[in-house]
Number of protein chains: 2
Amino acid sequence: MLPQSRRELILRTLRADGPSEVRSLADKLGVSQATIRRDLEQLDADGKLTRVYGGAMTLEADEVDDPFAQVAAERADDKDAAARTAAAMVQDGETVLLDIGTTMHRLAHHLHGKRITVVTSNLAVFDELRDDVDIELVLLGGVVRRRYHSLVGFLTEDNLRQVHAGRLFLGTSGVRGDGAVMDTTLVEVPLKRAMIKAADQVVLVADGGKFPGVGVARVCGPDDLDVVVTTASADPATRLALQEAGVDVVQA
Amino acid sequence: MLPQSRRELILRTLRADGPSEVRSLADKLGVSQATIRRDLEQLDADGKLTRVYGGAMTLEADEVDDPFAQVAAERADDKDAAARTAAAMVQDGETVLLDIGTTMHRLAHHLHGKRITVVTSNLAVFDELRDDVDIELVLLGGVVRRRYHSLVGFLTEDNLRQVHAGRLFLGTSGVRGDGAVMDTTLVEVPLKRAMIKAADQVVLVADGGKFPGVGVARVCGPDDLDVVVTTASADPATRLALQEAGVDVVQA
DNA sequence: AAGAGTTTGCTCAACTCTGCTCGACTTTGG
DNA sequence: CCAAAGTCGAGCAGAGTTGAGCAAACTCTT
């Protein structure tokens, strides 16, 4: 068995069975606990899982299939930097709409302490903010998608037609060279479009590793974006394409 | 069990079941009280819960549903019996709509293992069922009311107009002598009415202590009910009034 | 076929977690 | 107001976990 395969198997096991101990993983995969520890250490550094005393837990089932996984180590910090910068834009009294995905969860983490209204169908955001009494929290209806920690479906779209937010923070699987925002999860595309319609200002939060990036479906073009928050590693050409389309590109 | 998993389980337990004692948590999780104390200490330091003498509670004040809250504690067995009987009516494949309130949370607890679709705006029900992969869970949108563990507002009503369920399980603060269903929380009344419209069959679940009972607002009359699940202590006169209105009164 | 570089399993000291005990403190019920 | 019961936090020892170092096995290149 290849080390890389073993690591993917570890991630799959975590996603299927939840938190696992070092011992059980070692037994299951037929290697020593020392090897598992090294695997977990690396996967944690890559931001693929959360290392805890005695084992590991899943983080999210977000970008596991990400072809840019090699640079993910730097990108964990990158992602958080982008999320923090985006969160800093939010002023007390605002109403913000938060997309699905781990980036938005990190962003929500940096919203603590603000007196704002947050609208979302992201269950990770909901869990993060549900006990923060300073934040008015509005959850969009929908079918619970456990793997993606989100609510989706026509109920969500329906709710989105009834709400309005000053600012939308949008996530993505990648931004194409021409500035188009892409996504890999088809069911989310109509939701993202509905969110764009429901907000005055659209802020795309995407660490540099997503420039240029791919995805199955096109969510929107650069014309629909007002601001893009990214990091230093973003591809200059894509960046230029966005700026030429009139998008304000902010570097975290 | 990983220490970290245990801590998350503690938080989830608190959200689902309300304030817990150190002893009951220790029993439930199979560890010593000393360990629970250390967990609570850490979670309190992290701002995840509020430590109180003898146990812990969620950050927000406890769910004081109605003036009957104290009585509810004493009537726990009664309430649970009614909830269990009501849950037993549900067959695999059904779609059920669950009202707000602690009774519905107990009912949800007895739904584990069934392959059904549950629609609700009750966050305690959501917490109870969110990890049960056999259950398709649909959450109605709305504003998070932390004190009541629920989602309310026009988004909820809007979603309710779009969904349909075979059966609605309805809670109440009390049933009047003439069979009218009452409620103390005004904001929930339009929701309950919308739920009644969205379901083929309306099942009121109310332990005997709510017969006869009061409330500020009238939710619906006995004509809107199909079945009432209650317990032995229910007032016979109110019971008769219901039966005369054609309601099937089931005793748990 | 040999060498460089990586991966793996083992050992060991440091650390963390857990359950226990004990004295101090808080709550409860007279 | 007092005493009994329960709860708390500190300290301790044992069990388990961790990361570092090291040698053997393996892979890839030359």
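Proteins come first, then strands; the chains are lettered A, B, ... in the order of their sequence lines, and each starts at number 1.
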Q | Listed partners of Asp27(B) passing side chain to side chain donor-acceptor pair (under 3.5 Å), at least two apart | A | none

Q: Check salt bridge (charged side-chain N to carboxylate O under 4.0 Å, His left out) between Arg115(B) and all other residues, then give those that pass, not counting sequence neighbours.
A: Asp134(B)

Q: Give a yes or no on whether Arg146(A) atom CZ has more than 12 heavy-atom contacts from other residues, nucleotides or ligands under 6.0 Å away.
A: yes

Q) In whole angstroms, how far is the P atom of dT16(C) from the CG atom of Asp39(B)? A) 16 Å

Q) Is there a side-chain polar atom (N or O) of Thr35(B) under 4.0 Å from OP1 or OP2 of dG19(C)? A) yes

Q: Indicate whether any N or O donor in one side chain lies under 3.5 Å from an N or O acceptor in the other, for Gln33(A) and Arg38(A).
A: no

Q: Take nucleotides 4-17 of chain D nucleotide by nucleotide from the 5' end and write B, S or -, depending on whether a protein heavy atom sits under 4.0 Å from the base, only from the sugar-phosphate, or from neither.
A: --BBSS-B----BB

Q) What are the two closest heavy atoms between Thr230(B) and Gly208(B), and how far apart are they? A) OG1-N, 3.4 Å

Q: Write down the distance between CG (Leu29(A)) and C1' (dG9(C)), rounded to a whole number of angstrom.
A: 15 Å

Q) Within this structure, what is the CD1-to-C1' distance between Ile36(A) and dT18(D), rounded to whole angstrom? A) 15 Å

**Q.** Residues, nucleotides or ligands: over 12 heavy atoms within 6.0 Å of His110(A) NE2
**A.** yes

